[in-house]
Amino acid sequence: MTDLEFMDHAEALLKAVELTCDAINDTTEADIDAQRSGGMITMSFPSRSQIVINLQKPLHEVWLATRSGGYHYRWVDGAWRDTKSPTLFFEQLSQDASAQAGQALRFAAR
């Protein structure tokens, strides 16, 4: 994968997260404060917990840090896949955001 291809896929992921946070805030009481700074999104929850999504450009990876742990994802076969398990990025983000928000939330590619 070229750097440009990585950035195209990574930017689409970050945009999907931002748009989903906006939609969640419009339709639920979750109140996620999503702040983007360059290649990083910090999601803050009313419980004062956070989820951080960070692009690792030299490695062509997206890193996800949550209460449950840290995960590394690479673009493989049309999806962001964990480097150590079969878990997809949006599955893990949905699971951890739901736990940290105290209600069922669903994130997906757009």
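Side chains included, hydrogens not; waters and symmetry mates left out as well; all remaining heavy atoms used.
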To check you understand the geometry: which heavy-atom pair defines the closest contact between [X] and [Y], and what is its length?
| X | Y | answer |
| --- | --- | --- |
| Leu88 | Arg81 | CD2-NH1, 3.3 Å |
| Leu105 | Ala101 | CD1-CB, 3.6 Å |
| Asp82 | Tyr73 | N-CD2, 3.2 Å |
| Phe107 | Cys21 | CE2-SG, 3.9 Å |

Pairwise distance [atom1]([X]) to [atom2]([Y]) - rounded to 0.5 angstrom:
| X | Y | atom1 | atom2 | result |
| --- | --- | --- | --- | --- |
| Asn25 | Thr20 | CG | OG1 | 11.0 Å |
| Ile24 | Glu29 | CD1 | CD | 13.0 Å |
| Asp22 | Thr27 | CG | OG1 | 10.5 Å |

Can you tell me if [X] uses its side chain to pair, donor with acceptor, with the backbone of [Y] under 3.5 Å?
| X | Y | answer |
| --- | --- | --- |
| Arg36 | Gly38 | yes |
| Ser44 | Gln50 | no |
| Ser49 | Phe45 | no |
| Thr42 | Val52 | no |
| Ser37 | Met40 | no |
| Asn54 | Trp63 | no |

Evaluation steps, side-chain contact (heavy atoms from CB on, under 4.5 Å), between Phe90 and Val17 | CA-CA 9 Å; Phe90 288 107; Val17 171; 4.1 Å; yes
When hydrophobic residues are tied together by side-chain contacts of less than 4.5 Å, even through go-betweens, does [X] share a cluster with [Y]?
| X | Y | answer |
| --- | --- | --- |
| Leu59 | Trp80 | no |
| Leu55 | Leu19 | no |
| Leu14 | Met1 | yes |

Quickly, which of Thr66, Asp33, Ile53 forms a side chain to side chain contact (heavy atoms under 4.5 Å, CB included) with Met43? Name it, please.
->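 When Thr66, Asp33, Ile53 are each tested with Met43, the side chain to side chain contact (heavy atoms under 4.5 Å, CB included) holds only for Ile53.
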Parallel, tilted or perpendicular: which describes the rings of Phe6 and His60, with under 30° parallel and over 60° perpendicular?
->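 Aromatic pair Phe6/His60 classed parallel.
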For the residue pair Trp75 and His9, does the interplanar ring angle fall in the parallel (under 30°), tilted (30 to 60°) or perpendicular (over 60°) class?
->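 Correct class here is parallel.
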Mind checking whether Gln35 and Ile41 have side chains closer than 4.5 Å, heavy atoms only?
->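 Side chain of Gln35 against side chain of Ile41, heavy atoms only: no contact under 4.5 Å found.
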Residues which pass salt bridge (Lys or Arg N to Asp or Glu O under 4.0 Å) with Arg74, listed by chain and number, not counting sequence neighbours |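 Salt bridge (Lys or Arg N to Asp or Glu O under 4.0 Å) check on Arg74 returns Glu61.
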Using only heavy-atom distances, determine whether the side chains of Gln92 and Asp96 contain a donor-acceptor pair under 3.5 Å.
->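 Per modelled atom types, Gln92 and Asp96 side chains form a pair under 3.5 Å.
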Please test Thr87 against Tyr71 for side-chain contact (heavy atoms from CB on, under 4.5 Å), starting from the C-alpha separation and ending with a verdict.
-> CA-CA 10 Å; Thr87 307; Tyr71 308 91; over 6 Å; no
